[in-house]
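Please read these numbers as outputs of a predicted model, since none were measured by experiment. Letters go in sequence order (proteins before strands), and every chain restarts at 1. Excluded from the calculations below are hydrogen atoms, water molecules and symmetry mates; all remaining heavy atoms, backbone and side chain alike, are included.
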2 protein chains.
Amino acid sequence: MQRPFMHPSVDAITLEGILYALADPVRLQIVRRIRDGSCAMNCSEAAPEKMAKSTQSHHFQVLREAGLIRSERRGVEVINSLRCDEIGVKFPGLVPTILTAAEQRNGSHKPE
Amino acid sequence: MQRPFMHPSVDAITLEGILYALADPVRLQIVRRIRDGSCAMNCSEAAPEKMAKSTQSHHFQVLREAGLIRSERRGVEVINSLRCDEIGVKFPGLVPTILTAAEQRNGSHKPE
DNA sequence: TCAATAGTTCAATAGCATCGAACTACAATG
DNA sequence: CATTGTAGTTCGATGCTATTGAACTATTGA
């Protein structure tokens, strides 16, 4: 059916939703990758490789519905960008603090 | 069997564990209550009333294993206190930022 | 010792996550 | 315009986790 993407308004974004979305290691990694990328990123780029596409799609849906990312169709692909600024209005420092903490964990995620 | 409580060392505390634990509204509320209480708090005090005791027990176990709370038997009850300071060493500002954001959400306690 | 209180453990069920398969939508080429 | 390829979505099934009531342990007080 390919319905258009639903993005919550800033008002509709909840702390529970954000924490729930970022509590999953895969989704946290996706957000980190989008943040680290120089520009908006398509789904396959941002998600782990070995994962089923349907699972990817599900994770992006959760991130979208939590208000963490904005997804837009750009031709054949979907590009995703963070909504950090918008979230920052409602929850100051929340996402940056979490992402900074994520860096602490693995030392900035150096591949080897 | 009533085995002794297991608390992870600060090193063993992970961001995923913290986010996972706090992603649940019930557990977030428990942590907020303990934080807001003047002193350490027993389980029944900190948890929602209508909840089954087994579920309470489970939630406290998750919080404990995430490293968010410290539980100690004090007579017939178990008192719980936050490990904010210890967590702050590894993840500076993380828990305070989340709890502050939780206040934003409902205006601390205004229903409408 | 008996009853009450505070939590824990266990087994069963209910709800969510993951996956493969089939599908849609767009782009590029013949 | 049909064909092929690419990027995601949707769906149905299965497998893991959350919640619960019931039975249990441990401590306190009468």
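Taking B/Arg33 as the reference, nothing meets the salt bridge (Lys or Arg N to Asp or Glu O under 4.0 Å) condition, with sequence neighbours excluded.
Atom-to-atom, CD of B/Gln56 to P of C/dT8 comes out at 9 Å; the value is rounded to the nearest Å. When the P atom of D/dA7 is taken as reference, atom CG of A/Asn80 falls 14 Å away, rounded to whole Å. Rounded to a whole Å, the CZ atom of A/Arg74 is 16 Å from the P atom of D/dA7. In this entry the distance linking CZ of B/Phe60 with P of C/dA6 reads 13 Å, nearest Å. Between B/Glu72 atom CD and C/dG7 atom P there is a gap of 14 Å when expressed in whole angstrom units. Spacing between atom CD of B/Glu77 and atom P of C/dA4 amounts to 19 Å, rounded to whole angstrom units.
Going from atom CZ of B/Arg83 over to atom CZ of B/Arg64 covers 11.5 Å, rounded to the nearest 0.5 Å. In this structure, the separation between CG on B/Leu94 and CG on B/Leu22 is 8.0 Å, given to the nearest 0.5 Å. In this structure, CG on A/Leu28 lies 6.0 Å from CG on B/Leu15, to the nearest 0.5 angstrom.
Without hydrogens or angle criteria, B/Ser57 side chain to B/Lys53 main chain gives no donor-acceptor distance under 3.5 Å.
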Could I get a table of every N or O pair under 3.5 Å where one atom is in the protein and the other is in nucleotides 18-21 of chain C?
residue : atom : partner : partner atom : Å
C/dT18  : OP2  : A/His59 : NE2          : 3.3
C/dC19  : OP2  : A/Thr55 : OG1          : 2.8
C/dG20  : N7   : A/Ser54 : OG           : 3.2
C/dG20  : O6   : A/Ser54 : OG           : 2.8

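In this structure, the nucleotide among C/dT9, D/dT9, D/dG8 sitting nearest to the side chain of B/Ser57 is C/dT9.
Taking the nucleotide of DNA chain C with the nearest heavy atom to each of A/Val62 and A/Gly75, the more 5' of the two is matched to A/Val62. Nearest-nucleotide mapping onto DNA chain D: of A/Val76 and A/Gln61, the residue sitting toward the 5' end is A/Val76.
As the counterpart of D/dG5, C/dC26 is assigned, both hydrogen-bonding distances of the Watson-Crick or G-U wobble pattern falling under 3.5 Å.
Sorted by first and then second residue, the salt bridge (charged side-chain N to carboxylate O under 4.0 Å, His left out) pairs involving residues 39-51 of chain A (not counting sequence neighbours) form an empty list.
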